[in-house]
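Below: the structure, in structure tokens.
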Amino acid sequence: MDKTDLLIQLQSLRLKLHEVAEARGSLTDPDVLAISEEADQLIVALQHIQRNEVACASMRRSE
């Protein structure tokens, strides 16, 4: 999955998280926590992509 797809998924999860948290009235509801954990996984994947992009750009500059 590419960076754009991950960002779109993350935005969708963010909206879903807000809706579910508001509907349940709790940030500790199991469904809210599950969505939050899924968002966390996407954030980590995006961070890995970002790190790789920076490393590749740095290597190109040093050549």
Side-chain angles (χ1 to χ4, degrees):
M1 199 171 296
D2 73 354
K3 189 175 177 179
T4 302
D5 291 335
L6 290 174
L7 287 168
I8 291 168
Q9 275 193 319
L10 183 59
Q11 178 65 9
S12 176
L13 279 177
R14 187 187 69 79
L15 294 172
K16 184 177 178 181
L17 180 63
H18 184 315
E19 290 171 5
V20 174
E22 201 167 287
R24 303 291 166 86
S26 172
L27 294 176
T28 58
D29 180 86
D31 290 335
V32 173
L33 293 176
I35 297 167
S36 179
E37 288 173 7
E38 190 175 348
D40 288 346
Q41 291 173 357
L42 290 178
I43 291 167
V44 170
L46 284 163
Q47 289 173 333
H48 284 284
I49 291 170
Q50 184 69 30
R51 239 181 270 132
N52 287 339
E53 288 175 348
V54 169
C56 288
S58 178
M59 285 174 45
R60 278 187 240 123
R61 276 187 247 125
S62 65
E63 291 178 348

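The figures here come from the full heavy-atom set of this structure, side chains too, leaving out hydrogens, waters and symmetry mates.
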Single-linkage hydrophobic cluster, 4.5 Å side-chain cutoff, L46 and I8 together: no

Measuring from [X]:[atom1] to [Y]:[atom2], what's the distance to the nearest 0.5 Å?
{"X": "E19", "Y": "R24", "atom1": "CD", "atom2": "CZ", "value": "11.5 Å"}
{"X": "K16", "Y": "E38", "atom1": "NZ", "atom2": "CD", "value": "6.5 Å"}
{"X": "T4", "Y": "Q9", "atom1": "OG1", "atom2": "CD", "value": "12.0 Å"}

From CA spacing to verdict: side-chain contact (heavy atoms from CB on, under 4.5 Å), Q47, V44: CA-CA 5 Å; Q47 289 173 333; V44 170; 4.3 Å; yes

A45 versus L6, closest heavy-atom pair with distance: CB-CD1, 4.0 Å

Salt bridge (charged side-chain N to carboxylate O under 4.0 Å, His left out) contacts touching residues 46-61 (sequence neighbours left out): K3-E53

Side chain proximity check, S36 to L17, heavy atoms < 4.5 angstrom: yes

Criterion side chain to side chain contact (heavy atoms under 4.5 Å, CB included) against V20, the qualifying member of L33, L27, I35: I35

